[in-house]
Protein chains: 2
Amino acid sequence: MTTAPTLLPQALLEAPLRKDSGAPPMQRQLHHRIKETILDGRLAPGSRLPGSRALAEALSISRNTVTAAYDLLAAEGYVEPDRQGTRVATLSRPPPRTERNPSPAPATALRLRHIQPSAPRSDASTTLRPGVPALSHFPLAAWRRAVDRAIRRGGPSALGYGDPLGEPVLRAAIARHLGVARGVRCEPAQVIITEGAQEALTLCVRLLTNPGDTAWVEDPGYRGAKAAMHAGDLHIAPMRIDADGLVVAESDWKSRPPHSPPRLIYSTPSHQYPTGAVLTVARRLELIAQARRHGAWIIEDDYDSEFRHAGESIGAMQGLVAQAPVLYVGTFSKTMFPSLRLGFLVLPAALLAALQTPLEEMLRGGHRYEQLALAEFIESGQFSRHLGRMRRLYRDRQQALREAMARHMQVPHTIEGGHCGLHLTVRLPAQYPDRKIAEAARRYGISPYPLSGFALQPGPEDNGLVLGYGNTSAELFEPLVRRLSQLARAAEIA
Amino acid sequence: MTTAPTLLPQALLEAPLRKDSGAPPMQRQLHHRIKETILDGRLAPGSRLPGSRALAEALSISRNTVTAAYDLLAAEGYVEPDRQGTRVATLSRPPPRTERNPSPAPATALRLRHIQPSAPRSDASTTLRPGVPALSHFPLAAWRRAVDRAIRRGGPSALGYGDPLGEPVLRAAIARHLGVARGVRCEPAQVIITEGAQEALTLCVRLLTNPGDTAWVEDPGYRGAKAAMHAGDLHIAPMRIDADGLVVAESDWKSRPPHSPPRLIYSTPSHQYPTGAVLTVARRLELIAQARRHGAWIIEDDYDSEFRHAGESIGAMQGLVAQAPVLYVGTFSKTMFPSLRLGFLVLPAALLAALQTPLEEMLRGGHRYEQLALAEFIESGQFSRHLGRMRRLYRDRQQALREAMARHMQVPHTIEGGHCGLHLTVRLPAQYPDRKIAEAARRYGISPYPLSGFALQPGPEDNGLVLGYGNTSAELFEPLVRRLSQLARAAEIA
């Protein structure tokens, strides 16, 4: 108390430091106060900080606290120790603390111009929403036990970085499952674990294309694929779909830039999303032959082929011929559950050597306990049993939806798809605009997708509703379809 | 048995179908056999399949099985039903089944040329490896219980797609934590949950840059940042580091393309990776002011600032001034554990409106139970207590490593860094080549990183070893350093 407080900068003393129980530590309070005083100019560059003993006494705190705060300020560059003590550093152009003018409207990446909002993803209703599996039928208790076991068995070593390409046991389990269930020809080393199908698509773009390359996409088709291609600055050429799937004419391969030759071809041959068309073998073979000839890669997104309702599963294009130029993409979002966010990419064997190092640098692995639990789920047979139960459930739900449509849909329509999966596509005449109906439906908590939203260049025939029956109980279909029918009639253009 | 088997194609009958207990279902066997017979040409286009009854009898299977197999083949396009029965379809150019010639060496993306292999990530040893936290000190049992609770509490609804930008409770918990611990100024809406820091970096590139834009990166610096920039086809300008961190001269802002103006600046101001330099406040303010003036965005990767060993944490650059043009990146890979693979990106408020829709289209959320468990871990105080324990552990380990270096490192060296984090950087004279030492060390299960591997343009001063002490017990440091010292001397260039 003997050192003259008049030597101390007033700003540092203007209020006592808080000593109540909820207060931040002394040292942090002091550090903050000095820093603010420097930044707002009350402690000018070149001026001296008080001696640590003096300040400690003035504030009734320990000298160590002051020294520690000064050390930190020195490490941060606010002050510089010299022979005489501690001096405020010269900060170049400290901006006024009252600055509230944001920078001029910030420019974002040009590619973002291509991204249009779809239906909100995060709202609560999954009623009739495509792509959502039957959440309440998932064996959650069994999964909880599997995760718990994986954490106990994996132990601390599975906390660390694992194989960036995925847990070997899971890659092996997927390779075996795909061979049996989908006729995919692959070794475990070709299977890369990804964050759902979306990261797999992103990897295809990053690994195999350059900005400005052409990609063919199904149109109407999966929006996420287009988003991945846009993110890679590809030129996107929309390709039409008919009842036999993706339409590629001989002339498409010959046409001039920007439409040809494609570097990447996005396809959903088992069950075209959203129309449900099955790509014929003739077209598959033709596509493979032409892709080989032109150095193109085919992405086969086999998104819901596990739920085949008519007969056996259709084999994957990947396994149709040896060494097909196909990158096979799959996800557990529908066979397990969406928030698991695990998918995979099966690389052609011919690409493995060239891509191993880039993949190890670009990927980080992770979610190892979930990967281990999933591997156990597959190997123990729980996965196949779950698929079998769900296949029956979805078949029944589809049948019930068809019956409800036949009885209660009072506007002209045709139903497409349904060989596989979790949705039906209902085409409507153009005078019933699909976006208007879908928007009205959302106000009733019903979430069909408008068919035209899947097309880059929607024609009049791309009008309709994509109805997901995965997570909606069959007894709701009658009232829901009655409601949709009313909304369609209300939306009719006279 | 009365229908003449001679009418049936021999290929379909050449062996009985398997009926043992491990055999695939009859229908699948038959489907496979017919398909193979068509593909290899033994059933020619236009030829007829046998009647279903006849084939069923010949093979001693049910007629329904045959019908189902035919239906599937028709759906796949291998056969076509007509009035007389079923005919093999004309497949365009079926490739010979014996084809074993791979396509000519496949071309991959040009950007992959920039990606060089680093030390193998997936090998077992984490001894002295930088960036790996103390795995055996993680409270795994508590985490297991937290995940279990999250699954039980989250219930089936958390199986579905959530907010693509992350679980709201986690975003709020992170915003609160960052405000207190790091002085970050943000609302929960600005916090985007990512797949570790790497996805956050990728998002910065995708959202804010166009191919060919310039990015400034610290050199030596984090390889993962460079990989993210290469993946976005940016022009990468390496910027030097000195004892005060990233060096940017006034002239750098004025120089001609391709070096200027940068669109993105990658920085680790709290603890430069790998040198450990702390960016001074003067340089921080200058960088912010110039970035504003030139429309550049600063990425602040605050990768290990939670483990500050000298005094209080240094506040984040993001919160240094209001509305700084800073994207703040963080990860739980070191504060929790690497395989959790959760990180975050704090967007500037000024960008939120423009980026909301693109982010919702590009991201899918996921890992919701892990996100919920982490939010609980933070809110309950377990996270802070764990950080406190680890901070003490790492401080002790760093001290022990310094002592071991002082005693046993028999070649000239200087030690840098150590204000924060999990590693020290040891510079060595150029006659002790770091890559050679690191390679030799790996044969002893020791995994330091060579300093020169962090530099795009390594100078003679970028020679040394980056030693991680996060996951290595202090009692091992003496023998490990003795070994490194031997290996350095053995590698010496005469």
Side-chain angles (χ1 to χ4, degrees), chain A residues 28 31 68 71-72 75-78 91-95 102-103 106 108-110 112 115 117 121-122 135-136 138 144 151 156 159-161 163-164 198 206 210-211 227 231 233 278 280-282 285-286 289 292 311-312 314 321 323 337-339 341 350-351 354 357-358 361 364 366-368, chain B residues 28 31 68 71-72 75-78 91-95 102-103 106 108-110 112 115 117 121-122 135-136 138 144 151 156 159-161 163-164 198 206 210-211 227 231 233 278 280-282 285-286 289 292 311-312 314 321 323 337-339 341 350-351 354 357-358 361 364 366-368:
Chain A
R28 189 186 302 169
H31 169 260
D71 287 349
L72 176 62
E76 289 174 315
Y78 288 101
L91 309 177
S92 70
R93 268 175 296 200
S103 330
T108 56
L110 294 175
L112 303 189
I115 297 180
R121 281 180 197 285
S122 53
L135 302 180
S136 61
F138 181 75
R144 187 163 65 80
I151 297 179
L159 292 165
Y161 293 100
D163 187 329
Q198 197 60 30
R206 281 200 186 178
N210 299 309
D233 298 297
V278 178
T280 61
V281 170
L285 292 169
E286 174 73 14
R292 273 208 180 117
E312 290 268 311
I314 292 183
V321 301
Q323 302 183 0
F337 56 92
S339 76
R341 206 94 276 277
L351 282 176
T357 292
E361 292 295 311
R364 292 290 180 279
H367 309 294
R368 295 178 68 187
Chain B
R28 189 185 302 168
H31 168 262
D71 286 350
L72 176 63
E76 290 173 315
Y78 288 100
L91 308 176
S92 72
R93 268 174 296 198
S103 330
T108 56
L110 294 174
L112 303 188
I115 297 179
R121 283 180 197 284
S122 53
L135 303 181
S136 61
F138 181 76
R144 188 163 64 81
I151 297 179
L159 291 166
Y161 292 100
D163 186 331
Q198 198 60 30
R206 280 202 188 177
N210 299 310
D233 298 297
V278 178
T280 61
V281 170
L285 291 169
E286 174 73 14
R292 274 208 178 118
E312 290 270 311
I314 292 182
V321 302
Q323 303 183 358
F337 57 92
S339 76
R341 205 96 277 276
L351 281 175
T357 293
E361 293 294 310
R364 293 289 181 280
H367 310 294
R368 294 178 67 189

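Only heavy atoms go into these numbers, but all of them, side chains included; no hydrogens, no water, no symmetry mates. Proteins get letters first, then strands, A, B, ... in listed order; numbering begins at 1 in each.
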* Structure fact -> Across all chains, not counting sequence neighbours, the salt bridge (Lys or Arg N to Asp or Glu O under 4.0 Å) partners of R368(A) are E167(A)

* To do: Could you have a look at A109(B), P211(B), G366(B) and say which one has the most heavy-atom pairs with chain A under 4.5 angstrom?
  => A109(B)

* D233(B): what forms a salt bridge (Lys or Arg N to Asp or Glu O under 4.0 Å) with it, not counting sequence neighbours? -> R111(B)

* To do: Identify the heavy atoms of R144(A) and I151(B) that sit nearest to each other, and give their distance.
  => CD-CG2, 3.7 Å

* To do: Output the option from G160(B), A227(B), S136(B) having the highest count of non-hydrogen pairs under 4.5 Å with chain A.
  => G160(B)

* Distance (rounded to the nearest 0.5 Å) between L135(A) CG and Y161(B) OH -> 10.0 Å

* For N210(B) and L110(A), which heavy atoms make the closest approach, and how far apart are they? -> OD1-N, 2.8 Å

* If every non-hydrogen atom of T280(B) is compared with every non-hydrogen atom of G77(A), which pair is closest and at what distance? -> CB-CA, 4.2 Å

